[in-house]
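Okay, so here's the structure we're looking at.
Hydrogens, waters and symmetry mates play no part in the numbers below; they use all other heavy atoms, side chains included. Below, read A as the first sequence line, B as the second, and so on, with proteins coming before strands; counting in each chain starts at 1.
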Amino acid sequence: MTEKIENNKEKPERSANFIHQIIDEDLKNNKNDGRIHTRFPPEPNGYLHIGHAKSICLNFGTAKKYNGLCNLRFDDTNPSKEEEEYVKSITEDIRWLGFDWEDRLYFASDYFDKMYEYAVQLIKKGKAYVCDLSAEEVREHRGTPLIAGENSPYRERSIKENLELFECMRRGEFPDGARTLRAKIDMASSNLNMRDPVMYRILHESHHRTGDKWCIYPMYDWAHGLEDSIEGITHSICTLEFEDHRPLYDWFLDELGAYHSQQIEFARLNLTYTIMSKRKLLELVEKGYVNGWDDPRMPTISGLRRRGYTSESIRNFADRIGVAKRESIVDVALLEFYLREDLNKRSPRVMGVLRPLKVVINNYPEDKEEYLTAINNPEDPSAGTRKIPFSKVLYIEKTDFMENPPKKFYRLTPGREVRLRYAYFITCTDAVKDKRTGEIIELHCTYDPATKGGDAPDRRKVKSTLHWVSAKHAIEAEVRLYDRLFKVENPAGDKDIGDYKKFLNPISLEILPRCFLEPSLISAKHGDRFQFERMGYFCVDPDSNNQRMVFNRTITLRDTWERIQKKQAKNNR
RNA sequence: UCGGGGAUCGUCCAACGGCAGGACUACGGCCUUUGGAGCCGUCUAUCCAGGUUCGAAUCCUGGUCCCCGAGCCA
């Protein structure tokens, strides 16, 4: 009984998405003998982003849910845009996300021979022909949505001639663009994709896997269904823009009498304050708006990873946003919620002062040092405790002191007593200012020795607890603060403005060169994640080295004080 | 204009003829040695107009709005 309740708690019953409903139905009808086989088919022409993560979670997740299989297949049918670098990053990213294709790593280019044979078969059936029209002429013959197209003058070539010409195409006897192989369907179809679509184009270009073996390359529509068919994919899940292509997908497979997978389309992910277009992301990288594909501001998987995201949080997010056909733009706050949820559970707590303000404890002995006990993770008792050094001169956060505080400011002000976390109650006696600028450069305080550890024997309370670092013991480090890449929710959506780059947030990166961290951080390694108490979650950047530690702020903690300030500012307006 | 899709809280997803529900956000409160976390609560939605039905987000009819489609890209 108890067990049952716990199970329910862990796996709250959520209704199946529309794709899983289709699969449930297929299973009921014993379609494909109950086999479920999906695939994730990236084109190796860019880095994966959070939108791909949705698709990866869907495809691999579906296979897992139904005890089926999911292949990783590179759709490398266009050698002019594709590179080996991308297949490396893509495989890394998928693995990091936590998915495994076992021995089922495939490339569309592995099937070029089979595809060629299939094309010959279609020609022999009188359903494909070699066309001599130029690209421009093909466009002119295609017509428009309102006007039917015209047949190509080469449409009625004999099967024999088509076979010979296609063979000559393959052998490289024609220059790029001179001829194409086209399916013979219907130039008057209301679906433009059915107006004798091109199956093969001539491209004298070296392919990253097949080298110079081929100079004709298959088009997506022709290739994709065959890839699915060859691999025995049962459910071929893709995005909405391929809906119009489904009749063609079906036509090829039906004409060939080949195994026929079912194409199902869903709406791709959009996220607020970022862009998902590969082309635009490439532009940001190439024109130096960001520092590479893995810049922590990028929505790429590698960027998120470097930023400190956990794969668990991305998977939870993908699971939560669901799958539907309605186009949408998901609030990035939802992603951030799952990030914080996961980070809160797993991150060791440490203290780090980002914007240091020197504090001298007047009544603390000059040379005394003591080690105080701090809890490593209140969410995880097994994480234990550690010792942190305390001494006469400390740093606290600049924003934790105000000489003339507004209402509801609970932190340090002249005359007020607060707690230093795990240490003592201190009271501010004096603020030293720079004579010229008036900036507060140093605080003088007294401490109450009876409050060691942070509790007062007389039960008196303080309104706030501050984090701090002993000046003598602190590690100096660089911390990089990231904010959203764009200033507006939907930078790609505003067609009046035109260029999405106008919406770039000019302060999406702030570098703090002189932060002070507690000494335990000295052993932190690349990728290690921490919560800097009261400040947020941080991770060690790969730029970090023995000379200089570099941390990225993954995300702030939820900040109630910030909200109060915003409200106050609003009310004063 | 033709073809293909889609319209449910601010956002995302459910409800498949029978009390419109969940998550996030926002806003209150409790608690707190992180203004963190946790806990409790509140607000807010069926594109419009007709019809069928005891009963419609769901079925029918007619509108409106949005997205995709005329690459030898995927």
Gap between atom CE of A:M535 and atom NE2 of A:H467 - 0.5 Å precision: 5.0 Å
Minimum-distance nucleotide to A:S190 side chain [options: B:G69, B:G3, B:U34]: B:G3
C1' spacing across the pair B:C54 / B:U42, given as an integer number of angstrom: 35 Å
Whether A:E327 side chain and A:N270 backbone form a donor-acceptor pair below 3.5 Å: no
Cationic N near anionic O, under 4.0 Å, A:R346 to A:E312: no
Heavy-atom donor-acceptor pair, A:R201 side chain to A:D176 backbone, under 3.5 Å: no
Whole-angstrom distance between B:G18 and B:G55, as gauged at atom C1': 7 Å
Pairwise N/O distances under 3.5 Å, protein to nucleotides 72-74 of chain B:
| from | atom 1 | to | atom 2 | distance (Å) |
| --- | --- | --- | --- | --- |
| B:C72 | OP1 | A:R142 | NH2 | 3.3 |
| B:C72 | OP2 | A:R142 | NH1 | 3.2 |
| B:C72 | N3 | A:G177 | O | 3.4 |
| B:C72 | N4 | A:L133 | O | 2.7 |
| B:C72 | N4 | A:A135 | N | 3.0 |
| B:C72 | N4 | A:G177 | O | 3.1 |
| B:C73 | OP2 | A:R201 | NE | 3.0 |
| B:C73 | OP2 | A:R201 | NH2 | 2.9 |
| B:C73 | O3' | A:R201 | NH2 | 3.2 |
| B:C73 | O2' | A:N78 | ND2 | 3.2 |
| B:C73 | O2' | A:K81 | NZ | 3.0 |
| B:A74 | OP1 | A:T77 | OG1 | 2.8 |
| B:A74 | OP1 | A:R201 | NH1 | 3.2 |
| B:A74 | OP1 | A:R201 | NH2 | 3.0 |
| B:A74 | OP2 | A:Y220 | N | 2.9 |
| B:A74 | O3' | A:D75 | OD2 | 2.9 |
| B:A74 | N6 | A:H245 | NE2 | 3.3 |

Pair A:R209 + A:D76, salt bridge at N-O below 4.0 Å: no
A:Y410-B:G35 aromatic stacking (under 5.5 Å, under 30°): yes
Pairing of A:R460 and A:E417 as salt bridge, 4.0 angstrom limit: yes
Listed nucleotide nearest any side-chain atom of A:R563, set B:C27, B:G35, B:G36: B:C27
C1' spacing across the pair B:G6 / B:A74, given as an integer number of angstrom: 23 Å
Polar side-chain atom of A:R142 near backbone of A:P197 as donor-acceptor pair, under 3.5 Å: no
Mutual orientation of the aromatic rings belonging to A:F532 and A:F538 [parallel < 30°, tilted 30-60°, perpendicular > 60°]: parallel
Residue closer to the 5' end of RNA chain B, A:R421 versus A:L335 (nearest nucleotide): A:L335
A:R534 with A:E397: basic N within carboxylate O range, under 4.0 Å: no
Under-4.0 Å side-chain N/O to phosphate OP1/OP2 contact, A:K461 with B:C31: no
Side-chain N or O of A:R558 closer than 4.0 Å to phosphate OP1/OP2 of B:G35: no
Euclidean distance for P, B:A23 against B:G38 (whole angstrom): 13 Å
Per A:P145 side chain, nearest of listed nucleotides B:C2, B:G36, B:G35: B:C2
Check the interface with nucleotides 10-12 of chain B: list each N/O to N/O pair with the protein under 3.5 Å, or write none.
| from | atom 1 | to | atom 2 | distance (Å) |
| --- | --- | --- | --- | --- |
| B:U11 | O3' | A:I329 | O | 3.3 |
| B:U11 | O2' | A:I329 | O | 3.3 |
| B:U11 | O2' | A:D331 | N | 3.4 |
| B:C12 | OP1 | A:I329 | N | 3.2 |
| B:C12 | O2' | A:I321 | O | 2.8 |

Closest nucleotide among B:G35, B:G5, B:C24 to the A:E243 side chain: B:G5
Nucleotide B:C66, atom P - distance to CG of A:N270 in whole Å: 18 Å
Euclidean distance, atom CG of residue A:N191 to atom P of B:G3 [Å, nearest integer]: 12 Å
Length of the NZ-P vector between A:K325 and B:C16, whole Å: 20 Å
Pairwise C1' distance for B:A14 and B:G22, with rounding to whole Å: 7 Å
NZ/A:K463: more than 12 non-hydrogen atoms of other groups inside 6.0 Å: no
Ring geometry between A:Y217 and A:H207 (parallel below 30°, tilted from 30 to 60°, perpendicular above 60°): parallel
B:U46 and B:U8, which share atom name P, separated by this distance in whole Å: 10 Å
Range-with-range stems for RNA chain B, at least three Watson-Crick or G-U pairs under 3.5 Å: B:2-7 with B:64-69, B:10-13 with B:21-24, B:26-30 with B:38-42, B:47-51 with B:59-63
Over 12 non-hydrogen atoms of neighbours within 6.0 angstrom of CZ in A:R155: yes
Euclidean distance, atom CZ of residue A:R529 to atom P of B:G36 [Å, nearest integer]: 23 Å
B:U44 versus B:C12 - spacing of their C1' atoms, nearest Å: 15 Å
N/O (side chain, A:Q21) to phosphate O (OP1/OP2, B:A15) under 4.0 Å: yes
Which residue lies more 5' along RNA chain B, comparing A:A16 with A:R419 via nearest heavy atoms: A:A16
Value rounded to 0.5 Å, distance of CG in A:D483 from CD1 in A:I555: 10.5 Å
Touch class at under 4.0 angstrom, heavy-atom based, for A:V462 against every strand present: nothing
Side-chain donor/acceptor contact of A:E265 with base of B:G6 under 3.5 Å: no
Parallel, tilted or perpendicular, as decided by the 30° and 60° cut-offs, for the rings of A:Y220 and A:H245: perpendicular
Side chain A:D244 and base B:G3 donor-acceptor under 3.5 Å: yes
Atom pair distance, as rounded to whole Å: CG in A:L146 and P in B:A70: 15 Å
Interatomic distance at P, B:C30 relative to B:G36, whole Å: 13 Å
d(CD, A:E562; P, B:A26) in whole Å: 11 Å
